[in-house]
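First the proteins, then the strands, lettered A, B, ... as listed; each starts at 1. Owing to the predicted nature of the structure, the values given are computational and were not obtained by experimental measurement.
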Number of protein chains: 2
Amino acid sequence: MPNRAIPDATVARLPVYLRALLELAEGGEMTVSSEDLANLAGVNAAKVRKDLSYLGSYGTRGVGYDVEYLLYQITRELGLTQDWHTAIVGIGNLGRALASYKGFSERGFRIAALFDVDEKVIGEEVGGLIVRHLDELKDIVTDDRIAIGIVATPPQNAQEVAERLVDAGVKSILNFAPAVVNVAPDVNVRKVDLSIELQILSFHLQRTQAIASAREANRQLGG
Amino acid sequence: MPNRAIPDATVARLPVYLRALLELAEGGEMTVSSEDLANLAGVNAAKVRKDLSYLGSYGTRGVGYDVEYLLYQITRELGLTQDWHTAIVGIGNLGRALASYKGFSERGFRIAALFDVDEKVIGEEVGGLIVRHLDELKDIVTDDRIAIGIVATPPQNAQEVAERLVDAGVKSILNFAPAVVNVAPDVNVRKVDLSIELQILSFHLQRTQAIASAREANRQLGG
DNA sequence: TGTCGTTTGTGAGAACAATCACAAGCCCGG
DNA sequence: CCGGGCTTGTGATTGTTCTCACAAACGACA
């Protein structure tokens with residue numbers, strides 16, 4: 001009965017369910033319970049049910065969910081029934097790795113263009129594509145209907161590159177540069193920041209270490 | 001007054017503030033207001049103040065925060081006063097990019113070892129380190145006091161690699177493999193999943209597209 | 001057809017996060 | 001030493017997400 005307001009937290013988990021369902025489908029499973037799906041996705045069963053309920057009532061009580069049907073519904077909801085064209089800007093170590101990454105095409109994301117500003121890199125072939133100069137961005141984005149821009153530049157160039165992408169009509173940006181980019185509110189930016197992730201892990205390590213040494217100190221004091 | 005219970009959401013933002021503060025310090029700024037810091041970090045000022053208040057009262061009313069002092073406090077809170085040793089498992093495209101990534105060492109994360117199982121890769125030098133066989137993991141983790149494991153293997157190997165890391169004593173794992181890994185609850189796992197990020201962007205693209213075509217249909221019906 | 005075991009879908013409540021709004025406190029100029 | 005402008009720190013409020021718990025609905029089987 002819910003019209004259409006899928007929570008962000010749910011949207012972020014749908015791809016995880018999708019992957020689990022693909023595995024189940026390959027294994028020949030016809031149906032799956034929320035409990036089994038929850039185990040595969042690493043969450044709890046109630047969350048799975050609530051998440052799936054936002055898509056509609058696609059389960060059967062006493063039985064579970066039809067794997068194929070659910071696969072289709074999630075695929076549709078995520079907009080994966082069509083191929084999205086993407087461009088990578090910044091062909092350094094990370095840009096190259098992304099350009100060669102097989103996981104994108106498997107999910108219907110076609111890397112359609114690569115850009116850089118370094119003359120030493122332009123013209124080079126990476127992952128089957130020729131690296132273009134950033135100045136060609138706008139034309140190529142328009143011609144190739146590129147919908148998603150991936151920023152893998154050094155941080156100081158990220159804002160400018162993001163602006164160029166937006167200027168070219170891109171409404172979705174995935175930012176790997178360790179920098180905050182500000183764009184118009186109708187543009188969707190997601191960031192992946194490797195060193196932030198490590199710093200969060202560091203916080204927890206430091207904390208358990210601190211607890212351990214406090215306990216040790218306490219022990220030595222005979223407390 | 002708050003003892004010590006920094007919310008996860010705050011912890012995740014501290015590295016962003018840290019980066020902004022480093023820029024300010026380089027620019028010679030002595031103090032910064034929550035408003036300015038908020039702009040640099042891409043959040044709002046109230047959130048900055050609340051986040052920082054969890055660390056203690058390090059600001060001065062009417063003035064702002066002392067840049068250097070705040071830098072030190074966040075660095076300490078995140079456990080970045082010490083260098084953490086990390087190991088990368090899986091030296092494919094992504095593993096290589098990570099091994100060569102400069103951003104880690106800048107933040108005090110030293111990549112101390114690389115592992116793979118492919119004989120063609122073992123022995124190769126990547127980013128100044130020799131790739132070792134996964135079987136050497138336990139010894140090297142112990143000897144080099146490696147605290148963080150980075151998993152960059154294909155998804156089907158991620159769980160086993162994570163288990164080996166945990167068995168070797170690693171308590172923090174950064175997982176780049178598109179797979180769910182289950183480990184003991186005292187081990188911290190963070191995941192970075194590139195194609196999930198694209199799928200989330202796809203969801204929003206699809207949604208705005210759907211709205212646009214609904215509007216168009218409505219217009220043509222003369223509604 | 002009725003009963004039983006199973007599993008969904010969802011209201012209700014708890015936990016967590018974001019935001020608001022303002023008193024408290026600081027600096028400075030007179 | 002006082003008043004005004006500014007900025008922090010934080011209660012209070014609102015919004016979002018998670019979890020619980022159970023009625024409703026299904027299949028199977030007698």
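Remark: P of C:dA17 and CG of B:Leu14 are 13 Å apart, rounded to the nearest angstrom. With rounding to whole Å, A:Asp8 atom CG is found 10 Å from D:dT16 atom C1'. Spacing between atom OH of B:Tyr54 and atom C1' of D:dG11 amounts to 12 Å, rounded to whole angstrom units. In this entry the distance linking CG of B:Leu55 with P of D:dT10 reads 12 Å, nearest Å. Between the CD atom of A:Gln73 and the P atom of C:dT8 there is a distance of 17 Å, given to the nearest Å.
Between the A:His85 side chain and the A:Ala112 main chain, no donor and acceptor come within less than 3.5 Å of each other. Distance alone, capped at 3.5 Å, places no donor-acceptor pair between the B:Ser202 side chain and the B:Leu198 backbone. The backbone N or O of B:Gly169 sits nowhere less than 3.5 Å from a side-chain atom of B:Lys171 that would complete a donor-acceptor pair. Looking at B:Lys50, its side chain never comes within 3.5 Å of a backbone N or O of B:Val48 through a donor-acceptor pair.
A heavy atom closer than 4.0 Å to some atom of DNA chain D occurs in no member of residues 26-37 of chain A. For the segment residues 42-52 of chain A, the set of residues with a heavy atom within less than 4.0 Å of an atom of DNA chain D comprises A:Asn44, A:Ala46, A:Lys47, A:Arg49, A:Lys50, in numerical order.
The side chain to side chain contact (heavy atoms under 4.5 Å, CB included) search around A:Tyr72 returns A:Arg76, not counting sequence neighbours.
In this model, the phosphate group of C:dC26 is not approached by any side-chain N or O of B:Tyr65 to a distance below 4.0 Å at OP1 or OP2.
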Item checked: Nucleotide-resolved protein contact map, nucleotides 25-30 of chain D, B/S/- at heavy-atom distance under 4.0 Å -> BBS---

Could you tabulate the donor-acceptor pairs under 3.5 Å formed by side-chain atoms of residues 5-23 of chain B, not counting sequence neighbours?
residue	atom	partner	partner atom	Å
B:Thr10	OG1	B:Asp51	OD1	2.6
B:Arg13	NE	B:Asp51	OD2	2.6
B:Arg13	NH2	B:Asp51	OD1	3.0
B:Arg13	NH2	B:Asp51	OD2	3.3
B:Tyr17	OH	B:Asp51	OD2	2.5
B:Arg19	NE	A:Pro178	O	3.1
B:Arg19	NH1	A:Asp193	OD2	2.9
B:Arg19	NH2	A:Asp193	OD2	2.7

When the side chains of residues 145-156 of chain B are checked against the rest of the protein, which donor-acceptor pairs come out under 3.5 Å, sequence neighbours left out?
none

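Contact record, A:Thr142 with A:Ala168: OG1-O, 4.3 Å, taken as the closest heavy-atom pair.
Note that the OG1 atom of A:Thr31 and the CG atom of A:Leu70 stand 11.0 Å from one another [nearest 0.5 Å].
Between the side chains of B:Gln159 and B:Glu163, at least one donor-acceptor pair of N or O atoms lies under 3.5 Å.
No more than 12 heavy atoms of other residues, nucleotides or ligands lie within 6.0 Å of CD in B:Glu35, so this atom counts as exposed by the packing criterion.
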